[in-house]
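Sequence positions, counted from 1, serve as the residue numbers for this chain.
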Amino acid sequence: MKKKSNSFFVVLLVSVLGATIVSCSNSDYFGEPAADNQPGVAVDDEGISLKHLTSEVGGSRAAEQNIQFYSLHVGSDVGITMYNEKIDDETADFLRYDNLCYNVGEAGALTLDESRSSTTNPTKPFNRKLTYYAYAPFNSSFLDKGSYAFTVKTDQSSLDNYIASDLLWAKVSGVGSASTGIPFRHLYSIVHINLSFEDGIDPNDYTGGVVSFMGIKPTATVNLEDGTLSEASGVENPIKAFKIVKDGDTYTLKGSVVFPPQTVYENEEILRIEWPGNVSMSFLMKNDRVYESGKYYTLTRTLTSESLSDLSGSVGNVKEWVTVEEETAEFERE
């Protein structure tokens, strides 16, 4: 990072500088995905097979921020527990297959992973329907419809770690002989981080900065029967979103993180950029923010020449207030 002649070692800059967090939600996006965005369940006389109803599975890395357009991603694993639904004088549904593992492949194919499943040949029951309890990513210890702790990765700058942190859940009943969609939804909260530089600033002078989302408890307990979550818990650790790097003629200036729903309070650090040499810039919450289940939020930040001029010497610590403008917007699919 370029050094400045007017060195400041530790600087506290308290100012209101137009950052915006926008909360967005839409039933077609998180609650009940559109039909062409659901994995389908096909049941026939030969057995039970799963497929995605579109060949377009998964998005690019969160730098493009369209990764959440899709419920499932190539290379990920899905866990499915199947129950026979009660009929006649039966008093309750009963377990048929527990925590089967399906691999998501190219063109939306879901293939049973026999090495991690309780059966190698799931078949449909005679003259009755099924209820599916599904989740992702797969965990061999998530048996039946129990409650289990799920912890996000502290480094979500890679696609694999991001997908491994994105907890999905679904339930569908009355599955018979026809193809049925499983409406997966995101249980955790998602924040998209967008950075930019003020006109006249050369981003190349500030490459190498690691951008992290701060003050987040990484764990919640999910009930696989109804998709409910406990309060977030665990040690508050930074979650790495991305690193500012140059790729050809462009720079990586955005990324996403996913985490359990929780509240970040006024004056708490919410965003940090760290450069080599113990140089950092922090952003504090101006007011309380409640991050809700199944919603995504966008944090936009412009780095100005005034604030960046204080990042110099062996230590820099610029703290700015993040102005949270309460704005709700509906997400519209393109």
Side-chain angles (χ1 to χ4, degrees), residues 1-21 62-63 152-158 161-162 165 191-218 234-247 251-259 262 264-289 291 297-324:
M1 189 181 75
K2 184 168 68 176
K3 304 298 181 184
K4 310 291 183 179
S5 58
N6 54 337
S7 297
F8 291 82
F9 290 100
V10 179
V11 179
L12 177 61
L13 178 62
V14 180
S15 58
V16 178
L17 299 175
T20 303
I21 297 179
V152 300
K153 303 291 185 181
T154 55
D155 182 353
Q156 296 183 25
S157 61
S158 71
N161 279 358
Y162 184 83
S165 302
V191 167
H192 299 319
I193 301 169
N194 293 308
L195 297 182
S196 61
F197 288 94
E198 187 180 54
D199 290 345
I201 297 176
D202 184 359
N204 197 55
D205 292 337
Y206 298 96
T207 55
V210 174
V211 180
S212 299
F213 198 65
M214 306 298 295
I216 296 300
K217 297 175 182 179
V235 178
E236 296 180 357
N237 289 314
I239 300 178
K240 179 181 176 182
F242 62 95
K243 186 175 183 179
I244 301 174
V245 296
K246 186 176 182 181
D247 184 10
Y251 294 88
T252 299
L253 294 174
K254 55 186 176 180
S256 302
V257 294
V258 60
F259 52 90
Q262 57 196 274
V264 177
Y265 295 98
E266 178 183 358
N267 296 334
E268 290 187 352
E269 185 180 18
I270 191 64
L271 189 67
R272 180 187 298 172
I273 310 174
E274 295 180 283
W275 286 273
N278 198 26
V279 178
S280 67
M281 173 180 282
S282 296
F283 303 90
L284 310 180
M285 290 296 288
K286 181 65 174 178
N287 52 359
D288 296 349
R289 159 62 67 181
Y291 291 102
Y297 303 80
T298 299
L299 194 158
T300 300
R301 194 69 200 157
T302 299
L303 305 182
T304 67
S305 56
E306 180 182 1
S307 60
L308 291 170
S309 67
D310 294 324
L311 292 174
S312 55
S314 60
V315 177
N317 186 17
V318 178
K319 293 187 177 181
E320 299 180 352
W321 295 104
V322 173
T323 303
V324 178

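For the atom pair CD of Gln156 and CZ of Phe213, the computed distance is 10.5 Å after rounding to the nearest 0.5 Å. The line from CZ of Arg272 to OG of Ser282 is 5.0 Å long, rounded to the nearest 0.5 Å. Between atom CZ of residue Arg301 and atom CD1 of residue Ile273 there is a gap of 9.0 Å, rounded to the nearest 0.5 Å. We find the CG-CG distance between Leu195 and Leu271 to be 6.5 Å, quoted to the nearest 0.5 Å. To the nearest 0.5 angstrom, Phe283 atom CZ is 10.0 Å from Ile193 atom CD1. If you take CD1 on Ile244 and CG on Leu253, they are separated by 6.0 Å, rounding to the nearest 0.5 Å.
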Side chain to side chain contact (heavy atoms under 4.5 Å, CB included) between Leu284 and Asn267, worked out: CA-CA 5 Å; Leu284 310 180; Asn267 296 334; 5.6 Å; no
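Tyr251 meets the ring pair (Phe, Tyr, Trp, His ring centres under 6.0 Å) test with no other residue; sequence neighbours excluded. Partners of Val210 under the side chain to side chain contact (heavy atoms under 4.5 Å, CB included) rule, at least two apart in sequence or in another chain, are Ser212, Lys240, Lys243. Thr154 is linked by a side chain to side chain donor-acceptor pair (under 3.5 Å) to nothing, counting only residues two or more places apart in sequence or in another chain. In terms of the side chain to side chain contact (heavy atoms under 4.5 Å, CB included) criterion, residue partners of Gln262 (sequence neighbours excluded) are, by chain and number, Ile216, Lys217, Ala232, Phe259, Pro260. By the side chain to side chain donor-acceptor pair (under 3.5 Å) test, Asp155 is found to be paired with Ser157, residues two or more places apart in sequence or in another chain being considered. Glu198 meets the side chain to side chain donor-acceptor pair (under 3.5 Å) test with Ser305; sequence neighbours excluded.
Considering all non-hydrogen atoms of both residues, Tyr291 and Ile270 come closest at OH-CD1, 4.0 Å. Annotation for Asp288 and Glu266: closest pair OD1-N, 2.8 Å, computed over non-hydrogen atoms. Between Lys153 and Asn161, the shortest heavy-atom contact is CG-O, 3.6 Å.
Trp275 places a side-chain N or O within donor-acceptor distance of the main-chain N or O of Tyr206, the cut-off being under 3.5 Å.
Screening Asp202, Thr207, Ile201 against Asp205 for a side-chain contact (heavy atoms from CB on, under 4.5 Å) leaves a single residue, Asp202.
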